[in-house]
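Data first, discussion second: the structure below is written as structure tokens.
Keep in mind that what you see is a predicted model, and the values were worked out from it rather than measured.
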Amino acid sequence: MLSTQSVKGLQIVITKGESGGHETPLDMPKASCVMVICGKRASGKSQICINLIEKMKYDYTIAVSPTMNSNKELMSRLNILHTFEDPDDLTCIDKIKEIINEEAKDLERYKHEMKEYNKLMKDIRDGHNIGDDLMLKFFDNDFVKPQHRWNGKKPKIACIFDDMLGSLIYSRPRKINALSTYSRHLGQLQEGGSIGISLFFLIQSFKCQTGGLNRVIRNQCTQLIMFKTKDNKELEDIADSCGGEISKETFIKVYDYAIETGGSHPFLMIDLHKKENHPSMFRAGLDKFIIVDELNKKEQIK
């Protein structure tokens with residue numbers, strides 16, 4: 001039998017807001033995320049990834065894949081603004097970081113110019129003296145309001161890594177590990193917060209001896225999607241990734257249910273950082289939560 005004694009004034013105070021945080025539809029996962037989508041060849045990984053990016057309402061996508069052209073019709077559903085086709089080019093990670101940092105600079109440029117513009121318009125209306133520099137800055141542009149591609153909001157950006165097995169990006173993982181670790185902190189803003197980026201890794205095996213997704217990225221995973229597999233060791237590894245939330249026996253039951261009831265492209269989705277309004281961390285497909293009694297009991301104890 002356990003007993004407790006509370007200490008006044010030592011409760012943890014949680015700061016509101018989240019670096020790189022973006023709104024997503026109520027029943028969709030959080031962004032910025034590090035999502036791993038694992039399935040054998042032709043299991044439907046690309047289809048599910050594209051559906052997620054569409055339904056989570058990302059503004060645009062960056063793609064790192066040597067097979068983008070073969071999936072051109074499928075990928076055309078996304079607003080892909082940047083493509084890197086050589087997975088052996090380690091500099092593409094630096095270029096992705098620069099894209100996000102430039103978005104942050106452009107947003108801050110817009111906010112600064114809007115502040116100047118609003119002051120100018122107010123001074124004109126109120127008949128105040130106006131500095132020559134400020135007047136000339138907007139006079140040359142016919143007093144048109146400053147423009148921003150995303151209308152003054154932080155862009156929500158996704159990045160897909162697909163068909164990368166054996167690539168130098170995975171084999172020499174220092175840069176990709178760093179990206180997955182601080183992805184939500186990229187593009188830091190002077191006012192606080194950041195632009196951030198969501199990463200989607202499409203892989204054929206959860207663990208791979210060489211040239212696959214390494215432990216650092218697996219540990220950063222916020223959501224894991226698992227298609228049908230006959231590899232029991234792989235399922236045990238994924239059960240361990242749930243952090244002991246449920247027993248392995250219960251996990252196998254949840255997985256089997258998701259696969260047996262999932263239609264033509266069945267998969268289990270595990271959300272390790274679910275929203276508070278979501279009734280479970282497990283889903284069969286995207287549209288069916290799987291309620292697990294073990295988890296409900298733990299929530300009641302909390």
Under 3.5 Å, is there a donor on one side chain and an acceptor on the other for Ser180 and Gln220? no
Can Ile160 and Leu199 be said to form a side-chain contact (heavy atoms from CB on, under 4.5 Å), step by step? CA-CA 6 Å; Ile160 299 173; Leu199 308 178; over 6 Å; no
Let me see the working for Ile176 and Ile93 under side-chain contact (heavy atoms from CB on, under 4.5 Å), right down to the final yes or no. CA-CA 7 Å; Ile176 191 69; Ile93 304 300; 3.8 Å; yes
dist Asp126:CG -> Met121:CE (nearest 0.5 Å) comes out at 12.0 Å
Going by heavy atoms in the side chains, are Asp86 and Pro66 under 4.5 Å from each other? no
Go through the side-chain N and O atoms of Asn177 and Asn214 and say whether any donor and acceptor fall under 3.5 Å apart. yes
So Lys175 and Ile169, do their side chains get closer than 4.5 Å, heavy atoms only? no
Would the distance check show the side chain of Ser194 and the main-chain N or O of Arg184 forming a donor-acceptor pair, the cut-off being under 3.5 Å? yes
Answer yes or no: is there a donor N or O on one side and an acceptor on the other, between the side chain of His278 and the main chain of Ser280, under 3.5 Å? no
Ile259 versus Pro266: any side-chain heavy-atom pair under 4.5 Å? yes
Kindly indicate whether the side chain of Leu286, heavy atoms from C-beta on, has any atom under 4.5 Å from the side chain of Lys55. yes
In short, Gln47 meets Asn51 closest at the heavy-atom pair O-ND2, 2.8 Å
Using a 4.5 Å cut-off on heavy atoms from C-beta on, say whether the side chain of Phe200 contacts that of Cys33. yes
To the closest 0.5 Å, what do you measure between CG (Asp94) and CG (Asn101)? 10.5 Å
Got more than 12 heavy atoms from elsewhere within 6.0 Å of CD, Glu102? yes
Heavy-atom closest pair (Lys248 atom, Asp240 atom, distance to 0.1 Å) is CE-OD1, 2.9 Å
Does Val216 belong to the same Ile/Leu/Val/Met/Phe/Trp/Tyr cluster as Met35, with side-chain heavy atoms less than 4.5 Å apart forming each link? no
Distance, nearest 0.5 Å, that separates SG of Cys49 from CZ of Phe161: 11.5 Å
Do other residues, nucleotides or ligands put more than 12 heavy atoms under 6.0 Å from the NZ atom of Lys275? yes
Heavy-atom pair of closest approach, residues Arg283 and Gly285: CB-O, 3.1 Å
Applying side-chain contact (heavy atoms from CB on, under 4.5 Å) to Val34 and Ser183, what does each step give before you reach the verdict? CA-CA 8 Å; Val34 177; Ser183 57; 3.9 Å; yes
Could you report the tightest heavy-atom contact between Lys45 and Gly39, atom names first, then the distance? NZ-O, 3.0 Å
Test Asp59 against every option in Lys153, Arg149, Lys154, Lys156 by the side chain to side chain donor-acceptor pair (under 3.5 Å) rule and name the one that passes. Lys153
Cut-off 3.5 Å, side chains only: do Ser167 and Asp88 have a donor facing an acceptor? no
Is there a donor-acceptor contact under 3.5 Å from the side chain of Glu108 to the main chain of Gln190? yes
Should Val64 and Met164 count as side-chain neighbours, where that means a heavy-atom distance under 4.5 Å? yes
Side chains of Tyr117 and Lys122: do they bring a donor and an acceptor to under 3.5 Å? no
Regarding Arg218 and the six-membered ring of Phe201, is the cationic atom NZ or CZ under 6.0 Å from the ring centre and inside 45° of its axis? no
I want to know whether His265 and Phe227 have ring centres closer than 6.0 Å. no
Are Glu191 and Lys111 ion-paired here, with the side-chain N under 4.0 Å from a carboxylate O? yes
Is it the case that atom NZ in Lys228 sees more than 12 heavy atoms from other parts of the structure closer than 6.0 Å? no
State whether a side-chain donor-acceptor pair under 3.5 Å links Glu103 with Tyr60. yes
Between Ser205 and Cys38, the two heavy atoms sitting closest are C-SG, 3.8 Å
Carefully, step by step, assess Ile270 and Met226 under the rule side-chain contact (heavy atoms from CB on, under 4.5 Å). CA-CA 8 Å; Ile270 307 166; Met226 188 67 199; 5.6 Å; no
Which residue, Thr229, Asp231, Asp237, forms the side chain to side chain donor-acceptor pair (under 3.5 Å) with Lys233? Asp237
Test side-chain hydrogen bond (donor to acceptor under 3.5 Å, both in side chains) on Tyr110 and Lys115; report intermediate values, then the result. CA-CA 9 Å; Tyr110 170 77; Lys115 187 176 180 180; over 6 Å; no
Are Thr261 and Lys288 packed together at the side-chain level, in the sense that at least one heavy-atom pair is separated by less than 4.5 angstrom? yes
Is there a donor-acceptor pair under 3.5 Å between the side chain of Thr24 and the backbone N or O of Pro29? yes
Treating Gln147 as the side-chain partner and Lys145 as the backbone partner, does any N or O pair qualify as donor plus acceptor under 3.5 Å? yes
Between Lys253 and Glu249, is the closest basic N to carboxylate O distance under 4.0 Å? no
Got a second to check how far Arg77's CZ is from Thr61's OG1, nearest 0.5 Å? 11.5 Å
Atom NE2 of His22 and atom NZ of Lys30: how far apart are they, to the nearest 0.5 Å? 14.0 Å
Are Ile252 and Phe282 connected into the same hydrophobic cluster when the rule is that any two of I, L, V, M, F, W, Y join if their side-chain heavy atoms are below 4.5 Å apart? yes
Is there a side-chain contact between Ile99 and His82 in this structure, where contact means two heavy atoms from C-beta onward sitting under 4.5 Å apart? yes
Nearest heavy-atom contact between Ser171 and Gly166 is OG-O, 3.7 Å
What's the separation between atom CD1 in Ile157 and atom CD1 in Ile96, rounded to the nearest 0.5 Å? 10.5 Å
Verify the neighbour count for atom CZ of Arg109: are there more than 12 heavy atoms of other residues, nucleotides or ligands below 6.0 Å? yes
